[in-house]
Amino acid sequence: MKLSDKTKLKHLAQDKISRSANPAIVRNSTIFFKTMQELIDREKKVKKGSKVDFYDYGRSGSQTTIALQNFIAELEEAHATFLTSTGFGAVALSIMSFCRPGDEMIVTDAVYAPTRLITSNLLRQFNIKTHFYNPLDLNTLKRKINKKTKMIFVENPGSNTFEFQDLSAIIKMAKRKKILTAIDNTWGTPFLIKPLTLGFDMSISSGTKYFSGHSDVMLGSLSVNKKVFEKVKFCNKLFGFRASPDDAYLVLRGMRTLDIRIKKHEENTKKIINFLKGEKKIKEILYPHKKGTENYKNWKKYYSGATGLFSILIQSKNKNSILKFINSLKLFGIGQSWGGFESLVLYQSYNITRIFKKYLKPNYHIIRFHIGLEDPHDLILDLKKALKKVK
Ligand SMILES: *Cc1c(COP(=O)(O)O)cnc(C)c1O
């Protein structure tokens, strides 16, 4: 019987041994073997390509982390999933597993700021060159492909400015030239889109965000297809990427309600956007809400829903009034991250590595919101009052 994701989220990772609804938290470094032969046999089995649900030492995982990685793999329809201690660890693992001196990468120009830094800065020190492509014009991606291109790293939608791309067109270009593809899917989560089924080789989620949903834990997941599994497994083990069993448990606990929370974030966000649409001070709302636009079309084509993260663009010569607007919001916390139950706001234009070039203009201000699970009526009243500060 093919179960829906909603059912899977409730039934996966139940513990058959303890007959509990959830797996136990198993903390380990050492794992005992009955005999030396048993240890040797296990190692042989791993060499033959057995999956990661096999462990012989704490660095390879514990029952709890394995329960979570199998859970995510099932949701992603992946061959296997690797866990890292942060979402960014999963970004780094995807790149470090494949890119070598002389190789080139092509990365979405609107990418998450630390991803821009690792690719444009750190990798250059290893003689790995990165090109950035315009997510609104995939011809710029096509033009940058050459014999050295090892990987196309996509972030969809782009962090902070939310451009939605034609993902299948990217996959097609990559496959024709035998180029690896990775996608940072933190915004959509595998509940709304399954990148591996579209043909991506690797799919990244920061578990810190919607997976956990409670702003109290950090974790990352890298889900892979069969083609890249062995290479990622090799690097994962040697680099020592690992998630703690306690953190894995918290994320697993959040996963049970992923579907319900995302639906509610979407519902609340639509109400907020409807209100913001009527506010003349806002030049643009960066969220797939306008039918007929390219963004909307690409969102609709690939996603079964939307989440609670978006930005607005305000044009003003008075930056101070923008900051006053943000500071005077009572129900929106000023803080990094997102995906938890609480509403957040952040002035993104304070740092150019955070902003896609299109919006790097004098008097342009990008403000990012995460709409939480509060009563949207209260959030709207808060926004209405604070927006009066904008001059
Ligand atoms: C937060 C985030 C990450 C990194 O996740 P951490 O768990 O904070 O390390 C990567 N990509 C995107 C799009 C994110 O929003």
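As a basis for the values below, the full set of heavy atoms in this structure was taken, side chains included, without hydrogen atoms, waters or symmetry mates.
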message: Go through it in stages, so that I can follow the logic: the residues are M173 and I145, the test is side-chain contact (heavy atoms from CB on, under 4.5 Å), and I'd like the CA-CA distance, side-chain angles, deciding distance and then a yes or no.
response: CA-CA 9 Å; M173 278 184 232; I145 291 175; 4.2 Å; yes

field: Evaluation steps, salt bridge (Lys or Arg N to Asp or Glu O under 4.0 Å), between K358 and D137
entry: CA-CA 12 Å; K358 182 181 168 195; D137 176 10; over 6 Å; no

task: List the steps and the verdict of salt bridge (Lys or Arg N to Asp or Glu O under 4.0 Å) for D259 and K8.
output: CA-CA 10 Å; D259 51 333; K8 281 184 185 171; over 6 Å; no

message: One pair to check against side-chain contact (heavy atoms from CB on, under 4.5 Å): L141 and Q165. What are the steps and the verdict?
response: CA-CA 11 Å; L141 165 59; Q165 307 165 56; 5.9 Å; no

field: Derivation of the side-chain contact (heavy atoms from CB on, under 4.5 Å) call for I366 and F356
entry: CA-CA 10 Å; I366 298 280; F356 174 45; over 6 Å; no

field: Verdict with supporting geometry, K150 and I179, side-chain contact (heavy atoms from CB on, under 4.5 Å)
entry: CA-CA 5 Å; K150 187 75 187 191; I179 296 165; over 6 Å; no

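We find the OG1-CG distance between T108 and L136 to be 10.5 Å, quoted to the nearest 0.5 Å. Between the CG atom of L258 and the NZ atom of K6 there is a distance of 11.5 Å, given to the nearest 0.5 Å. To the nearest 0.5 Å, the span separating CG on L344 from CG on L309 amounts to 9.0 Å.
With 3.5 Å as the limit, one finds a donor-acceptor pair spanning the side chains of E104 and H131. One side chain, R256 or N22, offers a donor N or O that lies under 3.5 Å from an acceptor on the other. Remark: the S343 side chain and the E374 side chain contain an N/O donor-acceptor pair separated by less than 3.5 Å. Inspection of the Q37 and D41 side chains reveals an N or O donor paired with an N or O acceptor under 3.5 Å. For the residue pair S18 and D15, a side-chain donor N or O sits within less than 3.5 Å of a side-chain acceptor on the partner. No side-chain donor-acceptor contact under 3.5 Å links N327 and Y347. Between the side chains of R354 and N160, no donor-acceptor pair of N or O atoms lies under 3.5 Å. Neither side chain, Y364 nor S349, offers a donor N or O lying under 3.5 Å from an acceptor on the other. With 3.5 Å as the limit, one finds no donor-acceptor pair spanning the side chains of Q69 and T65. T197 and E77 are not linked by any side-chain donor-acceptor pair at a separation below 3.5 angstrom, with hydrogens and angles left out of the test.
In this structure, K384 places its NZ atom where only 12 or fewer heavy-atom neighbours from other residues, nucleotides or ligands lie under 6.0 Å away. Within a 6.0 Å radius of NZ in K389, other residues, nucleotides and ligands contribute 12 heavy atoms or fewer. For L238, the CG atom counts as densely surrounded, since its 6.0 Å shell holds more than 12 non-hydrogen atoms of other residues, nucleotides or ligands. Residue R19 places its CZ atom among 12 or fewer non-hydrogen atoms of other residues, nucleotides or ligands, all under 6.0 Å distant. Few gaps surround NZ on K277; more than 12 heavy atoms of other groups in view lie less than 6.0 Å from it. Counting non-hydrogen atoms of other residues, nucleotides and ligands closer than 6.0 Å to NZ of K10 gives a total above 12. The local environment of CZ in F341 is crowded, with over 12 non-hydrogen atoms from other residues, nucleotides or ligands closer than 6.0 Å.
Neither F234 nor V232 shares a network with the other; the hydrophobic side chains, linked directly or stepwise wherever heavy atoms of I, L, V, M, F, W or Y lie under 4.5 Å apart, form separate groups for each. Following chains of ILVMFWY side-chain contacts shorter than 4.5 Å, one cannot reach I371 starting from L381, and the two form parts of different hydrophobic clusters. When hydrophobic clusters are built by joining Ile, Leu, Val, Met, Phe, Trp and Tyr residues whose side-chain heavy atoms come closer than 4.5 Å, directly or via intermediates, V224 is not grouped with I152. No chain of hydrophobic side-chain contacts below 4.5 Å, direct or via other Ile, Leu, Val, Met, Phe, Trp or Tyr residues, connects I170 to V107. Linking Ile, Leu, Val, Met, Phe, Trp and Tyr whenever their side-chain heavy atoms come within less than 4.5 Å leaves I204 and I262 in two separate clusters.
Although no hydrogens or angles enter the test, the distance criterion places a donor-acceptor pair under 3.5 Å between the side chain of T293 and the main chain of Y296. Between the side chain of S316 and the main chain of N318, a donor-acceptor pair closer than 3.5 Å is present. Distance alone, capped at 3.5 Å, is enough to place a donor-acceptor pair between the S321 side chain and the K391 backbone. The backbone N or O of K301 lies less than 3.5 Å from no partner atom in the side chain of N298, so there is not a single donor-acceptor pair. Remark: the backbone N or O of T130 is not paired with any side-chain donor or acceptor of T119 at under 3.5 angstrom. In this structure a side-chain-to-backbone donor-acceptor pair under 3.5 Å is present from K175 to G199. Without hydrogens or angle criteria, H214 side chain to S212 main chain gives a donor-acceptor distance under 3.5 Å. Remark: the backbone N or O of D246 is paired with a side-chain donor or acceptor of S244 at under 3.5 angstrom. A side-chain donor-acceptor contact under 3.5 Å links K281 to the backbone of V390. T115 places no side-chain N or O within donor-acceptor distance of the main-chain N or O of V111, the cut-off being under 3.5 Å.
With S223 as the partner, the side chain to side chain donor-acceptor pair (under 3.5 Å) test is satisfied by one option alone out of T81, N185, D201: T81. Between H265 and the options Y287, W338, Y210, W187, a ring pair (Phe, Tyr, Trp, His ring centres under 6.0 Å) holds for only Y210. Checked options E266, R261, E267; the residue passing with K264 is E267 (criterion: side chain to side chain contact (heavy atoms under 4.5 Å, CB included)).
Looking only at side-chain heavy atoms (C-beta outward), F153 and M202 stay at 4.5 Å or farther from each other.
Residue R27 comes nearest to P245 through the heavy atom pair CA-CG, 4.1 Å, listed as atom of the first residue, atom of the second, then distance. In this structure, S168 and Y302 approach most closely via the heavy-atom pair N-OH, 2.9 Å. Nearest heavy atom pair, residue E38 against residue K34, reads OE1-N, 2.7 Å. Between A248 and T64, the shortest heavy-atom contact is CB-O, 4.3 Å. Minimum heavy-atom separation, S328 to D382: O-OD1, 4.3 Å. Minimum interatomic distance between A90 and G220 (heavy atoms only, all atoms of both residues): CB-C, 4.3 Å.
By the side chain to side chain donor-acceptor pair (under 3.5 Å) test, D103 is found to be paired with no residue, residues two or more places apart in sequence or in another chain being considered. For F369, the ring pair (Phe, Tyr, Trp, His ring centres under 6.0 Å) partners two or more places apart in sequence, or in a different chain, are F310, F332.
Residue pairs meeting the ring pair (Phe, Tyr, Trp, His ring centres under 6.0 Å) criterion with at least one member in residues 94-120, sequence neighbours excluded, do not occur.
Both tests pass for R116 against the ring of F132: distance under 6.0 Å to the centre and angle within 45° of the axis.
Between K194 and D5 there is a salt bridge, since a side-chain N of the basic residue sits under 4.0 Å from a carboxylate O of the acidic one.
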